[in-house]
Number of protein chains: 2
Amino acid sequence: MSDDTSLWSALADPHRRSIVALLLERPRSVGEIVEECGLSQPSTSKHLKVLREAGLVRVRQDAQRRVYALDPAPIAALDAWLAPYRKLWNRSLDALGRRLDETSDTSTEDPSPKD
Amino acid sequence: MSDDTSLWSALADPHRRSIVALLLERPRSVGEIVEECGLSQPSTSKHLKVLREAGLVRVRQDAQRRVYALDPAPIAALDAWLAPYRKLWNRSLDALGRRLDETSDTSTEDPSPKD
DNA sequence: CTCCAATATGCCTCGGCGGTTATATGCACG
DNA sequence: CGTGCATATAACCGCCGAGGCATATTGGAG
């Protein structure tokens, strides 16, 4: 059930955004995630449950370990939500940039999210 | 300044997302917003305060009315946050068989969304 | 079968959020 | 100056979410 609200509220938590950022690098087991973001194991498991129910992550069972990985679909949904607004800020950036420069590409320059 | 968390949690509420969507069409006074999304006036004012403090909206005072309008900057921040993940799901779409001739730049290449 | 390691889940507490009602503030107008 | 409209704020309350601790569950090793 990945309705928009569960997706947004899943990402509203900074710890969960950290987890998502971790999983962007590579899939990880719960233990790794616990160690990386310094939360307790039960708390981490709960966050992972929220992310799971929001459709943001998937689990693969490997012996006793459970390896979590990002599911790109909800990210795409976010992107779709964002699309109309992107027009808006492109427009206003354009209005600004008209006086500044011709740099129309102010987008993806950030290789690593730290959040 | 609006940290990421206040931005995300501001958008985590469906009513606030409705308000933002309303303001995407055009700036509106509080009364209009109240009428459109069916909330009470105090509740609406609170939501607007949250959006204001997240930097998502700005106010212009017009006599007794206060006209709210979208500020595109935080939307751009969201877009920036999304960028690394967008690469991910582009990749997976590719894995599904889509042949995207992307060179190395999967950034905003002006998708020209239709109205 | 038993024990252990890895993870999930239940209960409890607490702080914050969203809603409502009542009230304050600010501005225009007679 | 007082009245009325538009909006913000205060005070209060119910609820949900996040964290901690203890415990259940599951799979593997011996």
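So you know, we letter chains A, B, ... as the sequences are listed, proteins then strands, and number each from 1. When reading the values below, keep in mind they use all heavy atoms of this one structure, side chains included, and skip hydrogens, waters and symmetry mates.
Between the NZ atom of B:K49 and the C1' atom of D:dT9 there is a distance of 7 Å, rounded to whole Å. If you take CD of B:Q61 and C1' of D:dA6, they are 10 Å apart, rounded to a whole angstrom. The distance between atom NE2 of A:H15 and atom C1' of D:dG20, rounded to the nearest whole Å, is 14 Å. Per the geometry, CD belonging to B:Q64 stands 14 Å off P belonging to C:dG26, to the nearest Å. If you take CZ of A:R60 and P of C:dA6, they are 16 Å apart, rounded to a whole angstrom. Across the protein-nucleic acid pair, B:W8 atom CH2 and C:dG16 atom P stand 23 Å apart, rounded to whole Å. Counting to the nearest Å, the P atom of D:dT9 and the CG atom of B:L48 are 11 Å from each other. Summarising the geometry, the separation between CZ on A:R66 and P on D:dG28 is reported as 12 Å, rounded to the nearest angstrom.
One finds a side-chain N or O of A:R16 lying less than 4.0 angstrom from the OP1 or OP2 phosphate oxygen of D:dA18. Between C:dC17 and B:H47, no contact under 4.0 Å exists linking OP1 or OP2 to a side-chain N or O. Under 4.0 angstrom from either OP1 or OP2 of C:dG19 there lies no side-chain N or O belonging to B:S40. Dashed line: the shortest gap from a side-chain N or O of A:Y68 to OP1 or OP2 of C:dA6 is not under 4.0 Å.
Across all non-hydrogen atoms, the minimal contact from A:R28 to A:L22 is NE-O, 3.3 Å.
Ranked by how close their nearest DNA chain D nucleotide is to the 5' end, B:V59 and A:K46 are led by B:V59. Nearer the 5' end of DNA chain D, as judged by each residue's closest nucleotide, is the contact made by A:P42, out of A:A63 and A:P42.
Residue A:S29 is in sugar-phosphate contact alone, with no base atom involved, counting any heavy-atom pair closer than 4.0 Å across all strands shown. Using a 4.0 Å heavy-atom cutoff across all strands shown, B:S45 reaches at least one base atom of the nucleic acid.
Of the candidates D:dG19, C:dA8, D:dT7, D:dG19 carries the atom nearest the A:L39 side chain, counting heavy atoms from C-beta on.
Contact of A:Q41 with C:dA8 (side chain to base): a donor-acceptor pair of N or O atoms is detected under 3.5 Å.
Ionic pairing of A:R17 and B:D4 is not present here: no N-O contact between side-chain nitrogen and carboxylate oxygen is shorter than 4.0 angstrom. The residues A:R26 and A:E32 are annotated as salt-bridged, a charged nitrogen and a carboxylate oxygen being separated by less than 4.0 angstrom.
In this view, A:Q61 satisfies the side-chain hydrogen bond (donor to acceptor under 3.5 Å, both in side chains) rule with no residue, not counting sequence neighbours.
With A:L51 as the partner, the side chain to side chain contact (heavy atoms under 4.5 Å, CB included) test is satisfied by one option alone out of A:L70, A:L56, A:L23, A:L7: A:L56.
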